[in-house]
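Data block below; observations after.
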Amino acid sequence: MIVENVINEINRSLEVVLTYYKLNRSEVNFEITEPHVKDFGDFSTNICFLLAKKLKKSPNEIADHIVNTILPTSKILINKNGLIEAVSFLNPGFINFKINNKVFVNEFFKEGTNNPKFDTEYKNISNSNELILIEHTSVNPNKALHVGHLRNAIIGDCLYRILRTAGKDVRVINYIDDSGVQVADIIVGFKHAGFSTRINDQELSREKTKFDHYCGNEIYVKTNELYKSRPDLEIKRNTILKELEDPESETSNFTKTIVDRVLKDQLKTCWNLRCRYDLLCFESQIVQSNLWNDIFSILRDKGIIYYEKVGKNSGCWVYKSTKEGEKVLVRSDLTLTYFAKDIPFAVWKLGYLRNPFVYAFYATQWDSSVLYRTKIEKNGSETFESSSDLEKESLIDFNRISKVITIIDSRQERLQNLLVEILGKLGMDSSKYKYLGYEPVILSQSSLDSLGISVKDKNSLHMSGRKGIYIEADMALSNLEERSKAETRNRNPELSEEEIASISKEISISAVRYFFIKFDFGKMITFDIKESLSLEGDTASYIQYAYARGKRVEDKIIEASFLKIQNNLENKFEIMDFSSTEIDLIKHVCRYDIELKQAANNIDPKVLSKYLFQLATLFNNFYEKSPILKEKNVILATYRALILNNTLEILKRCMSIIGISPLKRM
RNA sequence: GGGUUCAUAGUUCAGCAUGGAUAGAAUGACUGCCUGCGGAGCAGCUGGUCGAGGGUUCAAAUCCCUCUGGACCCGCCA
């Protein structure tokens with residue numbers, strides 16, 4: 001809050017300056033930024049460059065005038081108790097503001113990070129009249145998650161945590177495509193290619209694998225290979241797809257049990273990484289809900305789609321986009337394309353038309369929240385099976401939907417563009433629909449080597465579930481866990497194996513989460529099992545280590561009754577001279593709310609991960625240069641202990657938003 | 001062919017939305033620092049014509065155009 005106060009103060013002053021020139025903010029939209037050279041000051045403004053044109057003077061002249069004439073005479077900025085200590089200007093015409101560190105630090109100690117004022121804005125979630133829906137993960141339930149899926153799930157989960165912490169009401173949806181070709185492929189494998197379904201979970205765990213891995217590695221990949229030599233299987237697949245349209249068919253029931261087993265295993269992986277969801281949406285139920293029929297008639301009646309009579313799309317219902325060309329929605333055999341099925345789901349998420357679902361209990365998650373699944377409403381209360389089931393609008397209040405965020409591989413951006421176009425033409429506020437596209441995760445040469453795949457003329461390769469080119473999420477995580485176990489054991493020989501295992505688990509989860517959010521969405525990630533999951537440098541471990549060291553000091557302070565913090569400190573702030581290390585750390589701690597807001601506004605977790613890493617760096621600096629237990633000056637030591645407390649608090653908050661475990665030992 | 005997107009230090013990346021002063025990290029290499037509040041750390045050193053060219057501007061890594069190179073999309077697949 002303090003940093004924001006300073007910015008507001010500068011803002012006000014500059015607006016007063018503008019009135020001196022008989023101008024206002026809308027005419028001169030100046031900015032207040034932080035100069036990258038520390039000596040210039042804490043904040044600076046470009047106002048003189050903007051005024052130069054209007055006043056026909058050089059920026060330097062104007063800066064001189066503002067700093068030496070307007071500001072001193074109007075007495076608006078610099079006063080003895082204010083947070084701004086000095087204003088100066090520098091070629092080519094920046095005005096720089098320097099914070100009065102003593103006043104600032106004084107404010108910091110008074111306010112602290114535990115003061116509710118620190119994030120008052122973020123408290124009234126339940127009163128919010130806005131609701132944000134995030135869809136993420138959405139992996140086809142025919143295989144285990146690979147590291148590419150992790151990028152999706154972790155971005156989504158971090159966004160959920162960021163928006164929640166920033167005071168937004170958020171629900172998370174996981175879309176389960178249980179009636180598509182990919183699921184049909186493994187059903188073909190089970191029913192017609194002789195693969196066994198009888199392997200039960202005990203047998204699987206004896207083989208150190210899970211049902212989702214079994215389906216992905218054995219059934220999905222091998223069935224796809226069989227299609228080459230056995231075209232009859234492809235015909236069987238089409239039959240299965242048809243049969244899946246009838247929810248009461250034997251095939252549907254069989255598929256349901258398979259999908260459920262895979263899904264439960266996929267969720268184990270997601271939960272293991274501390275992702276959580278509110279609702280599972282099954283595609284089969286969107287289809288059964290007949291939402292498509294409602295939308296189809298609107299699309300047809302409004303002339304948004306048309307029936308093609310000639311040419312390659314003859315016999316199909318087609319949407320024609322001016323920008324993106326034509327897209328078939330209904331095939332000539334009357335089945336829907338993948339794209340068409342996406343429309344009712346998007347429309348449902350935006351809260352238009354009716355809501356055909358009630359929500360049934362599915363599972364209790366790692367954070368003890370309940371995960372629900374969609375269930376078609378038939379005739380009121382008869383659909384309820386248990387007391388845990390929820391009423392229609394109690395999980396998602398569609399009247400409050402303000403934004404729908406879909407996290408999706410950027411290869412699907414074109415279709416998402418089309419979707420947004422159609423939503424607009426249907427008369428919906430398509431600006432509420434945001435798809436967040438991220439570039440895929442690809443495999444490095446050494447990752448490919450470890451899979452025994454060799455590719456000519458390339459040093460990386462896209463993953464493919466169908467071709468068996470991927471690194472499984474569970475594998476990557478357990479690999480990292482083994483490495484951190486060795487490291488933890490080495491550093492803490494006195495700990496029991498259980499403790500080492502639990503610590504290593506937290507370290508590896510944190511490392512994976514941090515790794516997948518620190519890149520820009522627009523950058524491909526080349527995944528390398530060794531280099532990507534490092535434990536040194538710009539990693540979660542670095543941050544955890546900083547926290548653990550700090551926590552250790554804090555514990556020792558308490559154990560030794562070393563200091564009675566907060567006693568006898570009133571009004572002594574002025575006499576202390578804090579080092580630049582300490583002041584830099586305090587200032588950074590005070591930026592927490594600004595950074596959180598920015599991460600929320602930009603819908604970008606990377607903002608927060610950068611902030612957190614820098615915070616840990618400044619803390620490590622402080623740790624080296626400002627000893628507490630060894631400091632002989634008791635007052636100074638007490639202040640440092642306060643800085644420590646506050647920093648640890650913000651570190652912890654920030655870490656929990658990204659999903660990095662604050663460990664006391666590691 | 002049409003479109004989207006990326007290109008910044010040896011390597012992996014921030015910074016680009018909203019132009020601003022001397023372009024930042026991490027890693028690698030090299031040098032110091034543990035009987036010290038935990039060395040998964042700290043300090044130092046090395047490393048850049050911001051892919052190329054043009055334009056707009058007082059000012060361009062950032063905005064616009066062209067080109068080069070990579071990735072992706074353009075299906076009655078999902």
Side-chain angles (χ1 to χ4, degrees), chain A residues 29 31 33 35-37 39-40 44-46 48-49 52-53 58-59 90-94 96 140 177 180-184 308 312-318 323-342 409-415 417 437 439-440 442 460 462 466 484 487-488 490-492 507 518-520 522-526 528 531-532 534-546 548-557 562 602 604 606-607 609-610 613-614 616-617 620-621 623-631 640 644 665-666:
Chain A
N29 193 18
E31 279 183 340
T33 51
H36 60 272
V37 179
D39 293 344
F40 292 164
S44 67
T45 181
N46 62 346
C48 302
F49 298 98
K53 226 175 222 173
S58 79
L90 205 66
N91 209 21
F94 289 96
N96 296 315
N140 279 312
D177 181 358
V181 172
Q182 294 209 14
V183 164
E308 181 64 84
K312 62 181 172 111
N313 292 335
S314 175
C316 301
W317 284 91
V318 179
K323 284 181 194 164
E324 308 280 350
E326 294 173 351
K327 183 72 202 165
V328 170
L329 299 187
V330 184
R331 300 186 189 102
S332 53
D333 66 357
L334 300 181
T335 57
L336 301 182
T337 61
Y338 161 79
F339 175 64
K341 289 186 197 170
D342 238 17
D409 187 316
S410 63
R411 281 173 286 194
Q412 299 199 39
E413 269 186 21
R414 192 192 187 88
L415 288 178
N417 276 329
E439 289 289 316
I442 63 175
S460 60
H462 277 85
R466 198 161 45 85
S484 42
E487 191 72 32
T488 309
N490 194 29
R491 287 160 191 279
N492 303 281
I507 290 173
K518 71 176 187 175
F519 299 101
D520 190 81
K523 287 257 165 61
M524 273 192 306
I525 295 181
T526 306
D528 186 288
E531 285 172 26
S532 296
S534 154
L535 299 172
E536 283 170 11
D538 183 7
T539 62
S541 310
Y542 176 88
I543 296 159
Q544 288 174 306
Y545 185 66
R549 292 208 291 182
K551 207 67 191 165
R552 175 60 66 91
V553 177
E554 202 180 56
D555 284 352
K556 285 192 177 172
I557 291 171
F562 175 71
N602 293 10
D604 192 352
K606 161 167 55 80
V607 173
S609 69
K610 295 283 170 222
F613 178 67
Q614 210 182 343
T617 305
N620 273 330
N621 246 298
Y623 181 90
E624 295 283 333
K625 290 178 186 160
S626 299
I628 296 170
L629 298 169
K630 284 178 294 182
E631 176 57 50
R640 285 179 178 168
L644 173 75
R665 297 197 68 171
M666 60 187 285

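Just so we're on the same page: letters track the sequence lines, and every chain starts at 1.
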* Who is the Watson-Crick or G-U wobble partner of B/rU62, with both distances under 3.5 Å? -> none
* To do: Could you check which nucleotide pairs with B/rA29 in any of the strands shown, counting Watson-Crick or G-U wobble with both distances under 3.5 Å?
  =>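 Base-paired to nothing in any strand shown.
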* side chain to side chain donor-acceptor pair (under 3.5 Å) between A/N140 and A/Q182: does it pass, once the steps are laid out? -> CA-CA 7 Å; A/N140 279 312; A/Q182 294 209 14; 3.2 Å; yes
Mind checking [X] for me? I need base, sugar-phosphate or nothing, with any heavy atom below 4.0 Å counting as a touch.
X: A/S332; answer: base
X: A/S460; answer: nothing
X: A/F339; answer: nothing
X: A/N602; answer: base
X: A/D604; answer: nothing
X: A/T488; answer: base
X: A/K606; answer: sugar-phosphate
X: A/T539; answer: nothing
X: A/L329; answer: nothing
X: A/I507; answer: base
X: A/F49; answer: base
X: A/R414; answer: base
X: A/S609; answer: nothing
X: A/N620; answer: sugar-phosphate

[N] and [M]: how far apart are their [atom1] atoms, nearest whole angstrom?
N: B/rC16; M: B/rG24; atom1: P; answer: 15 Å
N: B/rA14; M: B/rC50; atom1: C1'; answer: 13 Å
N: B/rU68; M: B/rA78; atom1: P; answer: 36 Å
N: B/rC63; M: B/rG15; atom1: C1'; answer: 16 Å
N: B/rA29; M: B/rC67; atom1: P; answer: 42 Å
N: B/rG44; M: B/rA7; atom1: P; answer: 30 Å
N: B/rU35; M: B/rG39; atom1: P; answer: 11 Å
N: B/rG69; M: B/rG53; atom1: C1'; answer: 15 Å

* Ring centroids of A/Y545 and B/rG38 base under 5.5 Å with planes under 30° ->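 A/Y545 ring does not meet the centre or angle cut-off for B/rG38; no stack.
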Nearest whole Å is fine: how far is [N] [atom2] from [X] [atom1]?
X: A/Y542; N: B/rA26; atom1: OH; atom2: P; value: 8 Å
X: A/I525; N: B/rA71; atom1: CD1; atom2: P; value: 18 Å
X: A/D555; N: B/rC37; atom1: CG; atom2: P; value: 15 Å
X: A/Q412; N: B/rG75; atom1: CD; atom2: P; value: 15 Å
X: A/E31; N: B/rA17; atom1: CD; atom2: C1'; value: 11 Å
X: A/D520; N: B/rA17; atom1: CG; atom2: P; value: 13 Å
X: A/E531; N: B/rU11; atom1: CD; atom2: P; value: 13 Å
X: A/N417; N: B/rU5; atom1: CG; atom2: C1'; value: 13 Å

* A/N96 (side chain) and B/rA21 (base): donor-acceptor pair under 3.5 Å ->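 Checked by distance alone, the answer is yes.
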* Distance-only donor-acceptor test (3.5 Å): side chain A/T617, base B/rA25 ->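 Not at all, since no donor on one side and acceptor on the other fall under 3.5 Å apart.
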* When you check the side-chain N and O atoms of A/E536 and A/Y545, is any donor under 3.5 Å from an acceptor? ->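 Judged by distance alone, the side chains do not pair up.
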OP1 or OP2 of [N] less than 4.0 angstrom from a side-chain nitrogen or oxygen of [X], does that happen here?
X: A/Y623; N: B/rG38; answer: yes
X: A/K610; N: B/rC13; answer: no
X: A/K323; N: B/rG2; answer: no

* Evaluate whether atom CD of A/E531 has more than 12 neighbouring non-hydrogen atoms of other residues, nucleotides or ligands under 6.0 angstrom away. =>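 At most 12 heavy atoms, drawn from other residues, nucleotides or ligands, come within 6.0 Å of this atom.
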* Hey, does the side chain of A/R640 reach the backbone of A/P627 with a donor-acceptor pair shorter than 3.5 angstrom? -> yes
